[in-house]
Each structure stands twice: as C-alpha cells, then as structure tokens.
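This report concerns only the one structure given below.
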Amino acid sequence: DTGVSQNPRHKITKRGQNVTFRCDPISEHNRLYWYRQTLGQGPEFLTYFQNEAQLEKSRLLSDRFSAERPKGSFSTLEIQRTEQGDSAMYLCASSGPNQPQHFGDGTRLSIL
Amino acid sequence: AQRVTQPEKLLSVFKGAPVELKCNYSYSGSPELFWYVQYSRQRLQLLLRHISRESIKGFTADLNKGETSFHLKKPFAQEEDSAMYYCALRHGNKLVFGAGTILRVKS
C-alpha cells in the first residue's frame with residue numbers, strides 16, 4: 001500500500017472556474033478527512049466521512065464546496081466558482097477507528 | 001474553544017544540543033494529543049501520540065494537564081531532525097493543529 005494518494009498534485013486555474021480533487025485513502029481505512037492549509041498555518045479541518053456518509057462539515061466549507069465519497073472508497077472535493085481566497089494546499093487523510101490519521105501529499109490550488 | 005498554540009515559528013539549535021518544541025492547548029475534556037512532522041518535500045506524518053507513551057527517533061512528549069502543555073523533547077538534536085513540527089489535538093472526529101514550528105539543526 002502506497003498510503004493516501006491525492007490527484008492532481010498541483011492545480012492552476014482562473015478565478016471563477018470549477019475544480020475537483022481526488023483522494024484515494026489507505027484501502028482498509030473507512031474514515032476519510034479533508035483539510036485545508038494556507039501559508040504559515042497548520043491544516044484546518046473541512047469535512048469527515050465514515051464510509052460513504054459525510055458526518056461532519058466545518059463552517060469553513062462554504063456552499064461552493066462539496067465533497068463526496070460515493071462508494072466509501074475514494075473521495076472528491078469540488079470547489080465551484082473559485083475565488084482568490086481558495087488558494088491553498090488541500091490535504092486528505094484517512095484512518096481506521098480510533099487510529100491516527102495518515103495524510104496524503106496534498107493538492108496545491110493556485111487561483112490566477 | 002479548542003485551540004493549539006505553538007509559540008515559536010522557528011527554533012534553531014546546534015547538532016548535539018537539546019531540543020524542546022513547545023505546545024500548549026486549550027480543551028474542555030480529556031485531550032488526545034499528537035505531534036506530526038513534515039520533512040522537506042515529504043508528506044505530513046505522525047511522529048508520536050501521547051497515549052502511546054513511546055519514544056520515536058529519540059523524541060518524547062509528556063502531557064502536562066496542569067500546565068495544559070505537550071512539549072516535544074529530544075536530548076541531542078541531529079541534522080536529520082530539521083523539519084516542520086505540528087502539534088495537534090483530537091476533537092471528536094477532527095484534528096486541530098497548531099501553526100507549526102520549524103526546527104533547524106545546524107552543524
């Protein structure tokens with residue numbers, strides 16, 4: 001197992017465009033998390049899935065953001081009508097029950 | 001509200017010197033605390049968690065509930081310890097991270 005995999009590694013887009021990121025968790029992990037990290041800050045929680053159910057969402061997750069995990073395996077995070085302030089590193093993590101979270105390399109989003 | 005504070009953005013020490021990376025938290029309840037490390041061009045990875053009470057790569061951290069601290073310590077720093085270190089608190093299903101401290105070990 002190569003760990004948590006995220007694609008793409010880097011996404012550059014124009015303001016107003018939609019973007020989608022993908023996360024493939026460690027295969028035996030049923031819990032999946034998305035975080036956002038901006039320069040000089042630690043990761044901030046966005047949302048959490050247990051299997052296919054989205055059980056928690058942060059207030060940071062505005063209505064332009066949507067996350068899915070349709071079959072309880074991979075997850076996607078979509079941002080609609082991107083804004084300058086969305087520029088950040090988007091991190092995915094996965095874990096088993098009561099286990100530490102393992103992180104992917106992240107997707108760096110740059111808004112032009 | 002739950003919060004993690006790492007007061008130092010940068011800590012620079014010489015090889016062989018002791019290291020202490022500070023972490024303070026605020027949490028109403030029994031906290032579960034972690035240290036994560038990110039080496040250059042690598043992903044964030046777990047270094048240690050307080051419930052394990054183990055030493056990883058020579059690092060230890062003791063939870064002090066009276067002082068609400070979880071400082072990371074190593075008696076003799078090595079150059080390969082240079083990295084970004086994040087303290088994190090588990091709150092329900094999520095981790096709350098501090099802003100991180102860059103550790104630079106000079107030869």
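In the text below, chain A, chain B and the rest are named by the order of the sequence lines, each starting its count at 1.
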Criterion side-chain contact (heavy atoms from CB on, under 4.5 Å) on Leu95(B) and Tyr33(A), from CA distance to verdict: CA-CA 10 Å; Leu95(B) 292 174; Tyr33(A) 315 80; over 6 Å; no
Linked, directly or transitively: Leu103(B) and Leu72(B) (ILVMFWY side chains, under 4.5 Å): yes
Considering all heavy atoms, the nearest Gln101(A)-Asn93(B) contact: NE2-O, 3.6 Å
ILVMFWY cluster, Leu48(B) and Phe103(A) together (side-chain gap under 4.5 Å): no
Per-residue contact mode, Arg41(B) against chain A (heavy atom under 4.5 angstrom): neither
Can I get a per-line list of side-chain donor-acceptor pairs under 3.5 Å for residues 80-88 of chain B, giving both atom names and the distance, sequence neighbours left out?
from	atom 1	to	atom 2	distance (Å)
Asp81(B)	OD1	Lys74(B)	NZ	3.1
Asp81(B)	OD2	Lys74(B)	NZ	2.9
Asp81(B)	OD2	Gln78(B)	N	2.8
Ser82(B)	OG	Glu79(B)	O	3.1
Ser82(B)	OG	Val105(B)	N	2.9
Tyr85(B)	OH	Asp81(B)	O	2.6
Tyr86(B)	OH	Gln37(A)	NE2	2.8

Verify same cluster id: Leu91(A), Leu109(A) (apolar side-chain graph, 4.5 Å): no
Audit row: Phe97(B), Phe45(A), ring-ring contact (aromatic ring centres under 6.0 Å, His included) steps and yes/no: CA-CA 9 Å; Phe97(B) 285 86; Phe45(A) 172 78; over 10 Å; no
Sequence neighbours excluded - side chain to side chain donor-acceptor pair (under 3.5 Å) pairs with any residue from residues 3-18 of chain A: His10(A)-Ser110(A)
Side chain, backbone, both or neither of Leu44(B) within contact of chain A (heavy atoms, under 4.5 Å): both
Residue list, ring pair (Phe, Tyr, Trp, His ring centres under 6.0 Å) with Phe65(A), at least two apart or on another chain: none
Residues of residues 9-34 of chain B with any heavy atom under 4.5 Å of a heavy atom in chain A: Lys9(B), Phe34(B)
Under 3.5 Å: donor-acceptor pair, side chain of Tyr48(A), backbone of Gly92(B): no
Arg64(A) atom CZ, over 12 foreign heavy atoms within 6.0 Å: yes
Test item: Asn98(A) and Arg90(B) side chains (from C-beta on) under 4.5 Å apart, heavy atoms: yes
hydrophobic_cluster_shared for Leu60(A) and Phe49(A), side chain cutoff 4.5 Å: yes
More than 12 heavy atoms from other groups under 6.0 Å of CD on Glu67(B): no
same_hphob_cluster(Val37(B), Ile56(B)) at 4.5 Å side-chain heavy-atom cutoff: yes
Heavy-atom closest pair, residues Arg43(B) and Gly104(A): CB-O, 3.7 Å
